[in-house]
Asks: 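The following block contains the structure, expressed as structure tokens.
In listed order, ligands and their atoms are each counted from 1.
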Amino acid sequence: MQTAARWAGFGQTVFTEITELAKAHGAINLGQGFPDFDGPDFVKDAAAEAMRRGDNQYARMFGIPDLNGAIAARFTSDTEIAVDPDTQVTVTSGCTEALAATFLGLVNPGDEVVIVEPFYDSYPACVTLAGATARYVTLRPPDFRLEPADLAAVVGPRTRVILINTPHNPTGRVFDDAELEAVATLAIRHDALVVSDEVYERMVYEGAHRSIATLPGMWERTVTLSSLGKSFSVTGWKVGWAVAPEPLTAGVRAAHQFLTFATATPLQHGAAAALAAGRDYYDALLASYRRKRDLLAEGLDAVGFEVFVPQGTYFILADHRPFGFPDDVSFARHLAAEVGVAAIPPSAFYHRKADGAALIRFAFCKGEDTLRAAVGRLQALRT
Ligand code: PMP
Ligand code: GLN
């Protein structure tokens, strides 16, 4: 074994494993969350044009001016918080790098970080890299509400960061005002920071997305993260960002400059063009995802799953126990190999694997024909 000890216990990501399994069995891949359709031409054209005109050298460390400006303008129009593009916005290589830069830049060894689970699997890895200790608060079916009492039980004087994700992958929960206020109250009481991952902010079918930075006393202690990949169907571009007041931005940049230094220049030009999109673009995106959600949710229900219809994101969690498998991993293997549909076993998103064993996650960022074909194959479970 040559791998450094800090990675002990992490292994290969579930996304790599399931994508390979899907390929090996020719399964319809509703596993890893990436669209099987392309991003919009106006975004790709802007990146291609930048590449052709020679914008191919290192970008400014914290983002090209046009993109920082577009991120600040969109954040302000969403939140009514005035943001300075040069001192409060940092462009990163995906939200994943923004997470790493935020934790390495703002968290000290020995600090505690509260993670809401099920979690995006890079959260515990970032916390470990920063030398901090993770404390977990679990969202439970059927509503996956963030219970204030559960949160209060793990937030304390050693808490440096409460890390939230809304709309939430994989449960689809969109935190309401009461949930956000519970986080804010505890963060203020214990002088903790909040890191808010909002990459699915434009995919909300029920309820309303609210950035926690808009709550009283929260802007000064919040790092808000997002990225281009989900809202513009270009997950492979890995362009993300962090918005935070100067003292927190300084920490994010301290790490970002040594992690990647800067993000791919032509793709930043594409991102700047993307963020100039108006309401029409987002309305059409949402309408299309709502149809996909309803199509898959109804299909899964008809097959016999207990479906937890998501308020947001492009994922559906379902309870697979009607089909008699002992856990999510054996069910996911059966689905890929015998049924021809790949899905993610969510136990990978819990610190106690048993908490995810009854569940399976399907991604619906796929063409409607693909989703129909998947539902068709899933009928095999009924026999
Ligand atoms: N946060 C969440 C909750 C995600 O689901 C994902 C990716 N699917 C990311 C962050 C990573 O975003 P990016 O691809 O921009 O790194
Ligand atoms: N977050 C994406 C998902 O949940 C996957 C990202 C990745 O592969 N790291 O599907």
Asks: Counting non-hydrogen protein atoms only, what is the nearest one to atom 7 (C) of ligand 1? Give residue, atom name and distance.
Replies: K230 NZ, 2.6 Å
Asks: Is ligand 1 under 4.0 Å from a heavy atom in the side chain of K238, in the backbone, in both, or in neither?
Replies: side chain
Asks: Considering only protein heavy atoms, which is closest to atom 4 (C) of ligand 1, and at what distance to one decimal place?
Replies: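 Going by distance alone, atom 4 (C) of ligand 1 is nearest to Y200 OH, 3.6 Å.
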Asks: With heavy atoms of N165 as the reference, note each atom of ligand 1 found under 4.0 Å away.
Replies: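 Atoms satisfying the 4.0 Å criterion: 3 (C).
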Asks: Any non-hydrogen atom of F315 lying under 4.0 Å from ligand 2?
Replies: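 True for this residue.
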Asks: Considering non-hydrogen atoms of the protein only, which is the closest contact for atom 1 (N) of ligand 2, and what is the distance?
Replies: Y120 CE1, 3.2 Å
Asks: So does W219 get a backbone contact from the side chain of T222, meaning a donor-acceptor N/O pair under 3.5 Å?
Replies: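 Not confirmed, T222 side chain does not pair with W219 backbone.
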Asks: Compute the minimum heavy-atom distance from N169 to ligand 2 and say whether it is under 4.0 Å.
Replies: yes
Asks: In the structure I gave you, are the side-chain heavy atoms of T313 and R173 within less than 4.5 Å of one another anywhere?
Replies: no
Asks: Tell me whether K292 contacts the main-chain N or O of L371 through its side chain, where contact means a donor paired with an acceptor under 3.5 Å.
Replies: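 Judged by distance alone, no pair lies under 3.5 Å.
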Asks: Do R202 and Y282 meet the cation-pi criteria used here (NZ or CZ under 6.0 Å from the six-membered ring centre, within 45° of the axis)?
Replies: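 Here R202 passes the 6.0 Å and 45° test against Y282.
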Asks: How long is the span from the CD atom in E97 to the OG1 atom in T102, to the nearest 0.5 Å?
Replies: 9.0 Å
Asks: State yes or no: do I344 and L335 share one hydrophobic cluster built from I, L, V, M, F, W and Y residues joined by side-chain heavy-atom distances below 4.5 Å, directly or via other members?
Replies: no
Asks: Going by ring-ring contact (aromatic ring centres under 6.0 Å, His included), name the residues that satisfy it together with F325, two or more places apart in sequence or in a different chain.
Replies: F331, H334
Asks: For S227, is at least one N or O under 3.5 Å away from an N or O on ligand 1?
Replies: yes
Asks: Going by distance alone, is a donor N or O of one side chain under 3.5 Å from an acceptor N or O of the other, for T16 and T13?
Replies: yes
Asks: So, E338 and R377, do they make that salt bridge, N to O below 4.0 Å?
Replies: no
Asks: For atom 2 (C) of ligand 1, which protein heavy atom lies nearest, and how many Å away is it?
Replies: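 Going by distance alone, atom 2 (C) of ligand 1 is nearest to D197 OD2, 3.3 Å.
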Asks: Do any N/O atoms on Y200 end up under 3.5 angstrom from N/O atoms on ligand 2?
Replies: no
Asks: Let me see the working for E198 and R210 under salt bridge (Lys or Arg N to Asp or Glu O under 4.0 Å), right down to the final yes or no.
Replies: CA-CA 9 Å; E198 303 181 7; R210 180 164 182 202; over 6 Å; no
Asks: Provide, to 0.1 Å, the distance between atom 11 (C) of ligand 1 and the closest protein heavy atom, together with that atom's residue and name.
Replies: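 Minimum-distance protein heavy atom for atom 11 (C) of ligand 1 reads T96 OG1, 3.3 Å.
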Asks: Numbering the atoms of ligand 1 from 1, which are under 4.0 Å from a heavy atom of G94?
Replies: 15 (O), 16 (O)
Asks: Which heavy atom of the protein is the closest neighbour of atom 8 (O) of ligand 2, given with residue, atom name and distance?
Replies: Q32 NE2, 2.6 Å
Asks: So that I can tick it off, tell me whether D369 and R372 are bridged by a salt bridge, with the cut-off set at under 4.0 angstrom between side-chain N and carboxylate O.
Replies: yes
Asks: When you measure from atom 3 (C) of ligand 2 to every protein heavy atom, which one gives the shortest distance, and what is it?
Replies: F15 CE2, 3.3 Å
Asks: Which one holds for R361 and ligand 2: side chain close, backbone close, both close, or neither close, with close meaning a heavy atom under 4.0 Å?
Replies: side chain
Asks: Distance under 4.0 Å to a non-hydrogen atom of G33: what atoms of ligand 2 satisfy this?
Replies: 3 (C), 10 (O)
Asks: Considering only non-hydrogen protein atoms, determine which one is nearest to atom 9 (C) of ligand 1 and report residue, atom name and distance to 0.1 Å.
Replies: Y120 CE2, 3.4 Å
Asks: Return the residue, atom name and 0.1 Å-rounded distance of the protein heavy atom closest to atom 12 (O) of ligand 1.
Replies: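 Atom 12 (O) of ligand 1 sits closest to the protein heavy atom C95 CB, 3.5 Å.
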